[in-house]
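What follows is a single structure, written as structure tokens, with notes after it.
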There are 2 protein chains.
Amino acid sequence: MVSLKDISARCGVSVATVSKALNGHKDVSEATRERLIRTAREMGYFPNAQARALKTNRTYNLGVMFLDEAGRGLTHEFFAKVLNSFKTEAELAGYDITFISNKDIGGRHMSTYEHCKYRSVDGIVIACTDFTTPDVFEVINGDIPVVTIDHIFDCRTAIVSNNESGMEKLLNYAVDCGHKKIAYIQGKKSAVAEKRLAGFYKACVSRGIEVRPEWLLVGDYCNPDNTYQLTKKLLKGRELPTCIFMPDDYAAIGGLNAIKDGGLSVPDDISVVGYDGIAFSQLLSPRLTTYTQDTPRIGSTAARKLISLIENPQTTFTEVITVDGQFLEGGSVKKL
Amino acid sequence: MVSLKDISARCGVSVATVSKALNGHKDVSEATRERLIRTAREMGYFPNAQARALKTNRTYNLGVMFLDEAGRGLTHEFFAKVLNSFKTEAELAGYDITFISNKDIGGRHMSTYEHCKYRSVDGIVIACTDFTTPDVFEVINGDIPVVTIDHIFDCRTAIVSNNESGMEKLLNYAVDCGHKKIAYIQGKKSAVAEKRLAGFYKACVSRGIEVRPEWLLVGDYCNPDNTYQLTKKLLKGRELPTCIFMPDDYAAIGGLNAIKDGGLSVPDDISVVGYDGIAFSQLLSPRLTTYTQDTPRIGSTAARKLISLIENPQTTFTEVITVDGQFLEGGSVKKL
DNA sequence: AGAAGTATCTCAAACGTTTCCGTTAATAAA
DNA sequence: TTTATTAACGGAAACGTTTGAGATACTTCT
């Protein structure tokens with residue numbers, strides 16, 4: 001690899017001058033700057049990221065902490081999409097992406113935060129299903145810029161999908177379609193689940209819909225089997241709801257199968273509502289009525305905000321940014 | 001951050017001794033080694049990855065080059081799963097994962113290979129839908145250890161799914177079920193597509209199945225819309241096949257919808273076969289008959305082999321490792 | 001006892017940058 | 001002409017490691 005020294009030797013100037021020329025410092029003449037830049041290009045020079053990082057304490061590396069308890073990791077379409085756009089946006093600004101987790105290195109266990117320190121990442125984005133782990137707290141309380149996705153911590157910038165109003169929109173639609181007997185299979189306890197539940201309650205109240213305890217089930221996100229069981233349970237009740245809200249689109253498939261196995265059909269006998277707007281949901285027939293999360297915007301906003309926190313620590317301030325999704329009308333809700 | 005110097009000061013030995021103690025060199029007494037390791041732990045020491053990399057030219061970072069022309073990136077379940085297990089295996093050995101691509105940095109365009117050099121990754125794993133790009137060639141011809149997935153280059157280690165025998169198994173199954181009139185919607189031209197086609201032909205020949213040109217269509221991987229159109233085309237033909245092989249499970253959904261829209265049902269009127277064994281395929285009803293690629297093994301094998309190439313450049317040799325998948329019987333193929 | 005070997009540790013250079021400070025020469029101000 | 005100012009560049013230390021070559025003391029062999 002060609003280094004600054006090679007360029008300096010070739011051009012008969014000092015290493016310092018080359019460095020300054022390439023980094024746009026003012027104390028180098030236009031003529032030599034141009035010459036140095038040109039030969040740097042000719043010689044195929046690229047700065048050594050390690051050496052630079054060692055001096056500047058800036059790696060231009062962003063740590064991503066994506067953990068879901070189900071262990072689905074990137075298989076989770078929401079995460080995958082967010083990461084995809086996060087990556088694209090970050091790369092535009094010259095940052096690379098490294099996965100961060102807790103692990104063992106050199107026989108010694110390293111927490112996620114220690115891992116970040118070890119790798120000297122400039123910033124961290126956290127998107128987990130569980131934000132209550134010690135690993136998350138350590139990172140939150142550390143001194144590395146952090147952006148969280150779908151969870152709000154004090155004094156940390158957060159990008160959140162508007163789960164509350166998303167759920168409101170879905171419920172309002174169902175009510176508009178004439179549904180009054182509505183069941184809701186929630187996802188597991190989390191900030192997201194709470195927000196959606198809040199939106200559910202709020203809309204029910206405003207539309208005068210009764211929330212029956214036996215129709216309010218706690219299930220799992222992204223767990224079709226679990227949703228299958230819970231849907232079966234609903235179908236065995238003495239009275240059937242006319243519409244079931246599923247934890248998410250993926251889990252909804254389990255619900256749909258339970259309904260089909262029960263000899264009922266969607267949406268004629270029973271209506272179904274999802275959440276997320278994953279690609280598959282629109283390949284089913286009938287297409288799932290759902291709420292599409294704007295994952296590209298969530299990811300790119302997270303990247304931009306994180307980089308802003310890194311590069312302008314004084315002028316930027318922590319904030320909570322809500323990204324709107326979009327209601328997506330499928331055919332899984334019957335108009336009564 | 002606490003450095004070697006801090007430990008050396010605290011313990012009254014030289015920095016060199018601390019370094020050697022921590023790295024398990026032989027020329028340091030057991031007593032002092034133990035003492036140094038202990039205080040290092042107490043002080044919360046972690047090596048500075050940049051400094052270490054600068055000296056040793058080893059970053060313990062692995063570059064992943066995951067490109068698909070559809071731009072689905074990690075959304076592609078095959079990639080996501082492979083990456084997941086690759087990452088897990090790599091982390092076990094102390095390696096981290098960085099995404100590598102071509103991009104602009106500091107106003108200058110950087111090829112993927114240059115990007116690798118810039119970041120000094122120790123090794124690269126390539127999994128693309130298109131292996132014929134200049135970016136891939138540059139990496140292949142470079143001097144960084146490389147492992148490719150599902151594509152074979154001379155003198156480079158490759159991990160390949162056994163696409164040929166997988167397809168054979170599927171076709172044999174269909175024939176065993178009594179099918180003779182079989183259509184195949186292929187994926188786009190690629191090593192994978194060729195292997196599967198080869199397996200298709202081979203099995204057809206061995207089982208005495210006629211391959212009709214009008215039933216051999218070239219489509220797209222992971223493109224349900226495209227598959228929908230091509231399936232429609234098949235259904236409009238003067239004679240219907242009794243079984244259709246789809247490019248992959250995801251694309252198969254498009255095919256299933258086309259069949260349903262055509263007023264036919266699966267598997268009663270027409271049978272369908274997928275490929276990949278993605279989660280969704282087993283949530284459909286009927287469950288898709290398909291061939292599950294062993295993504296966990298592909299990913300972990302790729303990681304192990306790559307690390308082996310890095311750490312034992314002399315003893316390891318390039319090889320082609322075939323990872324078997326598994327036939328998965330669903331209900332989408334009718335027994336005639 | 002002298003030589004040779006071994007165990008343990010230190011010195012110091014090196015990896016490729018960045019950056020503060022100093023130096024020189026040229027220009028502007030007095 | 002002298003002094004102050006500025007522009008352009010170089011020297012050198014520093015970031016935190018690793019590592020081969022010495023240095024010292026101790027043991028072992030002949």
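Naming convention: chains lettered A, B, ... in sequence-line order (proteins, then strands); numbering from 1 in each chain. Please read all numbers here as calculations on a predicted model, not as lab measurements.
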Please state how far atom [atom1] in [X] lies from atom [atom2] in [N], giving the value in whole angstrom units.
X	N	atom1	atom2	result
A:Glu30	D:dC9	CD	C1'	15 Å
A:Leu4	D:dG11	CG	P	15 Å
B:Met1	D:dT17	CE	P	10 Å
A:Lys5	D:dG10	NZ	P	16 Å

Report yes if the distance between the aromatic ring centroids of B:Tyr45 and A:Tyr118 is under 6.0 Å, otherwise no.
-> no
A:Tyr113 ring center within less than 6.0 Å of A:His115 ring center =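 No, too far apart.
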Is a salt bridge present between A:Glu34 and A:Arg38, judged by a nitrogen-to-oxygen distance below 4.0 Å?
-> no
Is it true that A:Lys117 and A:Glu114 have a side-chain N and a carboxylate O under 4.0 angstrom from each other?
-> no
Note: chain B reaches DNA chain C at heavy-atom distances under 4.0 Å over the stretch, first to last nt, 5' to 3', of C:dT8 to C:dG16
Between the side chains of [X] and [Y], is a donor N or O closer than 3.5 angstrom to an acceptor N or O?
X	Y	answer
A:Asn102	A:Asp135	yes
B:Gln50	A:Ser120	yes
A:Ser85	A:Thr88	no

So, is B:Tyr45 near the phosphate of D:dT17, with a side-chain N or O under 4.0 Å from OP1 or OP2?
-> yes
Return the 5'-most residue of the pair B:Asn57, B:Thr32 with respect to DNA chain C, ranking by each residue's nearest nucleotide.
->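 It is B:Thr32, whose closest nucleotide lies nearer the 5' terminus.
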Between A:Pro47 and B:Arg33, the residue closer to the 5' end of DNA chain C by nearest nucleotide is B:Arg33
Work out which heavy atom in [X] is nearest to a heavy atom in [Y]; give both atom names and the distance.
X	Y	value
B:Ile310	B:Pro313	O-CD, 3.6 Å
B:Ala40	B:Ile7	CB-CD1, 3.6 Å
A:Ser8	A:Lys5	OG-O, 2.9 Å

Would you sort out whether B:Thr98 and A:Thr98 count as a side-chain hydrogen bond (donor to acceptor under 3.5 Å, both in side chains), showing the intermediate values?
-> CA-CA 5 Å; B:Thr98 297; A:Thr98 297; 3.2 Å; yes
Five-pair end axes of the helix from C:dA1-D:dT30 to C:dA30-D:dT1 and the angle they enclose, rounded to 10° |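 Between the axes fitted at each end of the helix from C:dA1-D:dT30 to C:dA30-D:dT1 lies an angle of 50°.
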Between the protein and nucleotides 19-21 of chain D, which nitrogen or oxygen pairs are less than 3.5 angstrom apart?
unit_1 : atom_1 : unit_2  : atom_2 : d
D:dG20 : O6     : B:Lys20 : NZ     : 3.3

